[in-house]
Trainee: 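The structure that follows is given in the form of structure tokens.
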Amino acid sequence: MSTSPSSLASTSTAYDPKTIEADLYARWESQKLFSPDVVQTLRAQSANEVPMASEHFQNNTQSPDKAFSLVIPPPNVTGVLHMGHALDNTLQDILIRWHRMQGTPTVWIPGTDHAGIATQTVVERQLQAEGKTRDDLGRQAFLEKVHAFAAQSKKSILGQLRRLGVSPDWTREAFTLDESRVQSVRQAFVTLYERGLIERGDYIVNWCPKSASAISDIEVEYREEAGFLYHIRYVADDNPDEALIVATTRPETLFGDVAVAVNPKDERLNHWIGRRVRLPLTCDTIPVIGDEYVDIAFGTGALKITPAHDKNDFEVGRRHGLPAPIILDLKGHLADHARVPSDLRGVERFQARKQCEALLEASGLLVQKEAHTHRVGYSQRHGSVIEPLLSKQWFVKTKPLAERALKSLQAGELKFIPERWEADYTRWLENIQPWCVSRQLWWGHAIPAWYAIDDEKREFPIVALEKPEKCPKTGSTELVQDPDVLDTWFSSGLWPFSTMGWPNENSEDFKKYYPTSVLVTGFDIIFFWVARMTMMGLALTGKSPFHTVYIHGLIRDEKGQKMSKSKGNTVDPVLAIDQYGCDGFRFGLTSLVTYGGQDIKLAPDKLEQGKLFANKLWNAARFVMMNLSQGDMAPSLSFDTLTPMDQWILAKYRKAAEAAQDNLEAFRFGEYAIDAQRFVWDDFCDWYVEMAKAQLKDPTTEAMTRRVLFTVLDGALRLLHPVMPFISESLWLELQGDKPAYPSISMAKFPNAQQMSAPLVDPAGIDFVLETVRALRNLRQSYKVPHSSAVSIIIDAPDLHQREALEANLPLLHRFIKMSDLSIQAQLSKKPSQAAVSVVGQCQIFLPLAELIDLGQERTRLSKQLEKLQSDYNQLEKLLHNAGFMSKATEEVIAAKREQLIELSAQTAHLSQQLAALSAVP
RNA sequence: GGGCGGUUGGCGCAGUUGGUAGCGCACCACAUUGACAUUGUGGGGGUCACGUGUUCGAGUCACGUACCGCCCACCA
């Protein structure tokens with residue numbers, strides 16, 4: 001029936017994703033179906049939707065003027081795609097495809113992050129393997145090498161992203177270090193500098209000796225560690241018999257000490273204030289000062305002050321006007337400094353600690369070495385121990401930026417889902433510290449600052465978009481650009497608008513798609529990235545860069561451990577796609593997402609579910625298409641000429657459409673997937689398709705049945721397309737036949753429940769009839785009636801509605817239960833004596849089994865059921881006699897309970913009668 | 001030291017305005033010639049961690065306890 005490449009042409013009964021995924025993706029991409037302008041043009045050219053379909057899909061709620069936009073959290077060019085990316089991008093793709101199908105201009109910008117330290121490190125390691133360093137190559141050659149590596153890596157990771165079936169607009173691909181991002185970064189830096197929000201200064205930074213660069217506070221990871229507290233004797237300068245005992249975890253820094261501090265309120269020690277003590281292992285003396293910062297209760301109450309190597313000491317030193325000698329070099333070795341004894345110069349810091357300990361011990365100055373656990377900072381990227389170090393760096397004054405961001409949150413310009421993350425975000429912004437943005441690396445955005453250096457070696461920085469001709473202060477034309485680069489997160493922080501043409505705020509994309517609609521990411525980068533984007537976005541564009549931040553959980557391994565390369569517990573998404581099919585994988589993953597954003601423990605059998613579902617869908621479609629003929633594809637359905645079962649499935653379809661819309665609007669991705677699956681598998685496949693097999697054999701219902709099959713399958717594919725793009729596309733195109741309304745299901749309209757004529761409630765009491773079917777099946781199986789043998793059934797149905805529902809659905813009952821005879825009575829004059837019985841609603845269903853029935857077994861079964869019913873009944877009755885309940889519960893609740901009671905009452909009566917009858921039989 | 005999340009049948013998890021619990025896997029039994037065994041049908045299995053409170057009514061709200069996990073914080 002179709003000329004399109006057919007996945008159904010094969011005789012195999014299993015869905016094979018590999019045969020369609022690559023081809024479909026190549027076609028989507030080459031036809032630019034992810035570009036909003038292309039989609040719009042093609043839509044305008046397309047034929048209108050077929051009549052039946054248009055009834056359901058037209059007038060979708062979204063206004064075509066209102067755009068929906070996303071920017072991808074750009075993956076690092078170092079890595080390979082991991083499960084977190086897979087989840088993150090699948091969810092974004094669901095949103096994008098869903099909005100695209102609603103006729104909204106939709107753009108999703110893809111790209112990658114140059115990942116400063118991370119990438120530079122990878123390339124340096126490669127060099128190291130060849131026995132070289134970056135200095136051997138020189139800056140220019142090294143950068144060329146990194147660019148080459150990044151290009152390679154980018155290609156690979158974006159290729160992996162394509163395997164995920166995602167639909168970002170590849171024509172807009174961006175890179176945080178490409179030419180247009182360079183413009184954005186420069187403009188941002190200059191603007192912030194001119195507004196006094198960036199400054200250069202000497203502060204204590206987190207120094208990573210391995211990369212010989214500063215890093216920011218949040219790149220430091222603290223770990224609890226067992227160490228020692230060294231109690232060291234600082235002998236009084238005025239009296240060799242007296243000494244102040246100082247406790248420190250870092251004896252090797254004592255050469256940088258400029259004072260010993262005690263708390264002025266410390267009665268034991270405050271008499272030392274103003275005196276001098278000898279600095280151990282040196283000839284120097286340093287003053288004892290009083291500062292309330294010192295904790296009297298900790299250690300010995302005396303604190304050595306090392307301003308250049310400790311953040312707090314720096315503050316203390318500054319308060320007291322003390323110098324700050326730097327006694328460690330950039331690689332973490334004791335420096336070639338006058339204060340450091342010559343034989344210790346150049347010694348690595350941990351080695352130096354040991355040597356200092358030995359020297360102190362030898363000179364009798366080490367009083368005690370006490371075991372002590374403390375927190376040690378590590379570089380997140382390098383794993384090296386962070387060295388607090390006094391250094392001249394560029395800082396972003398984050399305080400005002402954070403205040404603006406907080407206001408934006410309060411004003412409701414921005415919201416988090418789930419909401420609880422707002423508290424974390426707020427707390428962090430409220431306690432924000434200046435952000436050190438300069439890095440002593442080569443790979444990254446050059447800082448747009450140039451220096452003129454005068455004869456006294458003073459630096460005069462000029463911050464500008466381009467290199468200035470000459471220095472306005474010194475007149476010098478010999479200007480040197482700052483050799484440092486910017487923190488990667490500086491450019492990432494601009495991403496939502498640097499990808500939209502900013503600083504050109506008149507660019508089409510910026511006007512149309514900024515601010516973006518939603519940011520989808522994991523909680524681990526709320527501080528690193530989300531907060532930086534809001535701060536930068538608000539400062540530079542005046543707008544929050546997104547309205548909604550959707551935070552999902554992390555993917556963990558089966559045992560709940562974080563996946564990491566070093567643990568070897570990672571799962572490669574590309575391998576998973578090979579194994580389960582892209583749609584199966586995406587579906588499986590999505591079905592695990594919870595609204596609360598819990599972390600996801602990933603086990604293979606969970607993804608297997610998705611694969612099974614894809615197969616089920618494929619087979620269901622195969623069945624439908626086997627039975628369709630041309631006219632069914634433009635069906636008009638007159639609701640009242642449909643069978644009750646037809647009406648029922650259309651009602652279920654409408655409900656499914658409503659649920660999908662509601663779930664997606666509320667970011668309930670997991671429920672969206674599971675609800676849609678339930679509709680397709682349970683309602684459509686297990687009930688409707690089975691019934692359709694009978695209806696197709698009946699000439700009076702055949703034609704309409706085919707149309708309903710078409711309509712519901714078509715709708716199901718649309719509902720599933722956001723999460724299962726390939727299989728839905730493939731089947732839909734095939735279902736559409738030679739002249740599809742659109743070149744791709746991704747442009748077709750998403751089902752809209754409001755536009756459907758099917759009632760939301762079960763129109764013909766089918767749900768009750770299906771319940772009856774289940775009860776009958778249960779009875780049959782309980783008594784091991786072979787599937788092949790037809791049974792005779794008697795139903796006592798005193799309730800009019802229930803009786804009518806059964807009578808109106810005789811074909812259904814016969815379709816699902818093999819019966820030789822069925823009798824439905826309003827009032828049964830004589831109950832069958834030897835029969836198994838079951839109650840549904842107010843009906844009694846008898847399965848006469850004169851020879852087969854085991855009376856004992858039936859008695860036991862009934863007694864057990866009766867017990868349960870009676871207990872329920874008693875409880876309910878008690879409740880309905882409870883004055884409190886009757887006066888305070890809502891009308892609806894009471895009515896529902898009453899109805900329940902009536903039903904239970906009837907059922908209890910039936911069962912006890914039956915039980916009595918059985919007991920009378922010997 | 002502060003904060004957050006989790007604790008529901010053997011396992012993994014849902015449960016959004018409070019009305020006595022759902023799903024998947026696993027398990028047991030049955031079914032195999034036409035969409036699908038990557039299947040269908042039926043079934044068993046839970047005092048919702050513990051305590052107190054609010055309420056006619058609590059898995060759901062409040063307070064507290066225990067255990068697990070995470071985040072933040074300058075105590076040398």
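A note on names: the letters A, B, ... follow the listed sequences, proteins ahead of strands, and every chain is numbered from 1.
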Trainee: So does A:Lys606 get a side-chain nitrogen or oxygen closer than 4.0 Å to the phosphate oxygens (OP1/OP2) of B:G24?
Mentor: no
Trainee: Taking atom types as modelled and ignoring hydrogens, do the side chains of A:Thr253 and A:Asp257 form a donor-acceptor contact shorter than 3.5 angstrom?
Mentor: no
Trainee: Is the distance from OP1 or OP2 of B:A37 to the nearest side-chain N or O of A:Thr13 less than 4.0 Å?
Mentor: yes
Trainee: What class does the angle between the rings of A:Trp681 and A:Phe613 fall in, given that below 30° is parallel, 30 to 60° is tilted and above 60° is perpendicular?
Mentor: parallel
Trainee: What residues, two or more places apart in sequence or in another chain, satisfy salt bridge (charged side-chain N to carboxylate O under 4.0 Å, His left out) together with A:Lys868?
Mentor: A:Asp872
Trainee: Taking the side chain from A:Arg815 and the backbone from A:Gln695, do they hold a donor-acceptor pair closer than 3.5 Å?
Mentor: no
Trainee: Would you indicate whether the side-chain heavy atoms of A:Asp424 and A:Phe523 approach each other to under 4.5 Å?
Mentor: no
Trainee: According to a 3.5 Å limit on both distances, what stems of 3 or more consecutive Watson-Crick or G-U pairs are formed with RNA chain B?
Mentor: B:1-7 with B:66-72, B:10-13 with B:22-25, B:27-31 with B:39-43, B:49-53 with B:61-65
Trainee: Specify the separation, in whole Å, of atom CG of A:Asp599 and atom P of B:U7.
Mentor: 13 Å
Trainee: I'd like to know if A:Glu690 pairs up with A:Lys693 as an ion pair, taking the criterion as any Lys NZ or Arg NE/NH1/NH2 lying under 4.0 Å from an Asp or Glu carboxylate oxygen.
Mentor: yes
Trainee: Tell me, which pairs form a ring pair (Phe, Tyr, Trp, His ring centres under 6.0 Å) where one or both residues lie in residues 870-890 of chain A, sequence neighbours left out?
Mentor: none
Trainee: State plainly whether the residues A:Glu315 and A:Lys311 are in salt-bridge range, i.e. N to O under 4.0 Å.
Mentor: no
Trainee: How many angstroms lie between atom CD of A:Glu877 and atom CG of A:Leu901, to the nearest 0.5 angstrom?
Mentor: 6.0 Å
Trainee: Would the distance check show the side chain of A:His309 and the main-chain N or O of A:Ile327 forming a donor-acceptor pair, the cut-off being under 3.5 Å?
Mentor: yes
Trainee: Taking only side-chain N and O atoms of A:Arg774, does any of them lie within less than 4.0 angstrom of OP1 or OP2 on B:U41?
Mentor: no
Trainee: Taking only the C1' atom of each, what is the distance from B:G15 to B:U33 in whole angstrom?
Mentor: 43 Å
Trainee: If you measure from the P atom in B:C75 to the same atom in B:C67, how many Å do you get, rounded?
Mentor: 24 Å
Trainee: In whole Å, what separates the C1' atom of B:U38 from that of B:C25?
Mentor: 15 Å
Trainee: Give the rounded distance in Å between these two atoms: CG of A:Leu847 and P of B:G42.
Mentor: 16 Å
Trainee: Can you list, in residue-number order, the parts of residues 676-690 of chain A that come under 4.0 Å of RNA chain B, counting heavy atoms only?
Mentor: A:Arg678, A:Trp681, A:Cys685, A:Asp686, A:Val689, A:Glu690
Trainee: Between atom CD1 in A:Ile674 and atom C1' in B:G24, what is the gap in whole Å?
Mentor: 8 Å
Trainee: Please lay out, stage by stage, how A:Glu225 and A:Tyr378 fare under the test side-chain hydrogen bond (donor to acceptor under 3.5 Å, both in side chains).
Mentor: CA-CA 11 Å; A:Glu225 255 173 36; A:Tyr378 284 83; 2.4 Å; yes
Trainee: Using the closest heavy atom to pick a nucleotide of RNA chain B for each, name whichever of A:Gly596 or A:Val773 lands nearer the 5' end.
Mentor: A:Gly596
Trainee: Taking atom P in both B:A21 and B:C48, what distance in whole Å separates the two?
Mentor: 11 Å
Trainee: Quick one: which of A:Asp313, A:Leu390, A:Val316 gives a side chain to side chain contact (heavy atoms under 4.5 Å, CB included) with A:Thr306?
Mentor: A:Asp313
Trainee: What's the gap between B:C74 and B:U16 when it is taken at their C1' atoms, as a whole Å value?
Mentor: 42 Å
Trainee: Does A:Asn619 use its side chain to pair, donor to acceptor, with the backbone of A:Asn615 at less than 3.5 Å?
Mentor: yes
Trainee: How many whole angstroms separate atom NZ of A:Lys616 from atom P of B:A37?
Mentor: 9 Å
Trainee: Figure out the CD/C1' separation between A:Glu608 and B:A26, and round it to whole Å.
Mentor: 14 Å
Trainee: Rounded to whole Å, how long is the line connecting atom CE of A:Met626 with atom P of B:G34?
Mentor: 11 Å
Trainee: Do the non-hydrogen side-chain atoms of A:Leu717 and A:Leu617 ever get within less than 4.5 Å of each other?
Mentor: yes
Trainee: Quick test of your reading of the model: are A:Lys265 and A:Glu292 salt-bridged, counting only N-O distances below 4.0 Å?
Mentor: yes
Trainee: Please measure how far the P atom in B:A66 lies from the corresponding atom in B:A58, and state the result in whole Å.
Mentor: 26 Å
Trainee: Determine the interatomic distance between P on B:G40 and the same-named atom on B:G46; round to the nearest Å.
Mentor: 26 Å
Trainee: Looking only at side-chain N and O atoms, does A:Arg777 come under 4.0 Å of OP1 or OP2 in B:G42?
Mentor: yes
Trainee: So, is A:Lys601 near the phosphate of B:C13, with a side-chain N or O under 4.0 Å from OP1 or OP2?
Mentor: yes
Trainee: Please give the distance between the C1' atoms of B:G12 and B:C27 as a whole number of Å.
Mentor: 15 Å
Trainee: Please tell me which of the listed nucleotides, B:G12, B:U38, B:A35, lies nearest to the side chain of A:Asn619?
Mentor: B:A35
Trainee: Would you mind classifying the nucleic acid contact of A:Lys784 as base, sugar-phosphate or nothing, using non-hydrogen atoms under 4.0 angstrom?
Mentor: nothing
Trainee: What is the per-nucleotide protein-contact pattern of nucleotides 69-76 of chain B, from the 5' end, where B denotes a base atom under 4.0 Å from a protein heavy atom, S denotes such proximity for sugar-phosphate atoms only, and - denotes neither?
Mentor: ----BBBB
Trainee: Between P on B:G40 and CZ on A:Phe816, what's the gap in Å once rounded to a whole number?
Mentor: 13 Å
Trainee: Salt bridge check: are A:Lys18 and A:Asp16 linked by an N-O gap of less than 4.0 Å?
Mentor: no
Trainee: For nucleotides 16-21 of chain B, print each protein N/O atom paired with a nucleotide N/O atom at under 3.5 Å, atom names and distance only.
Mentor:
{"from": "B:U16", "atom 1": "O2", "to": "A:Arg668", "atom 2": "NH1", "distance (Å)": "2.4"}
{"from": "B:U16", "atom 1": "N3", "to": "A:Arg668", "atom 2": "NH1", "distance (Å)": "2.9"}
{"from": "B:U16", "atom 1": "O4", "to": "A:Glu671", "atom 2": "OE1", "distance (Å)": "3.2"}
{"from": "B:G19", "atom 1": "O2'", "to": "A:Lys897", "atom 2": "NZ", "distance (Å)": "3.2"}
{"from": "B:U20", "atom 1": "OP2", "to": "A:Lys897", "atom 2": "NZ", "distance (Å)": "3.2"}
{"from": "B:U20", "atom 1": "N3", "to": "A:Gln875", "atom 2": "OE1", "distance (Å)": "2.9"}
{"from": "B:U20", "atom 1": "N3", "to": "A:Gln875", "atom 2": "NE2", "distance (Å)": "2.8"}
{"from": "B:U20", "atom 1": "O4", "to": "A:Gln875", "atom 2": "OE1", "distance (Å)": "2.2"}
{"from": "B:U20", "atom 1": "O4", "to": "A:Gln875", "atom 2": "NE2", "distance (Å)": "3.2"}

Trainee: In whole angstroms, how far is the P atom of B:C25 from the CG atom of A:Leu612?
Mentor: 8 Å
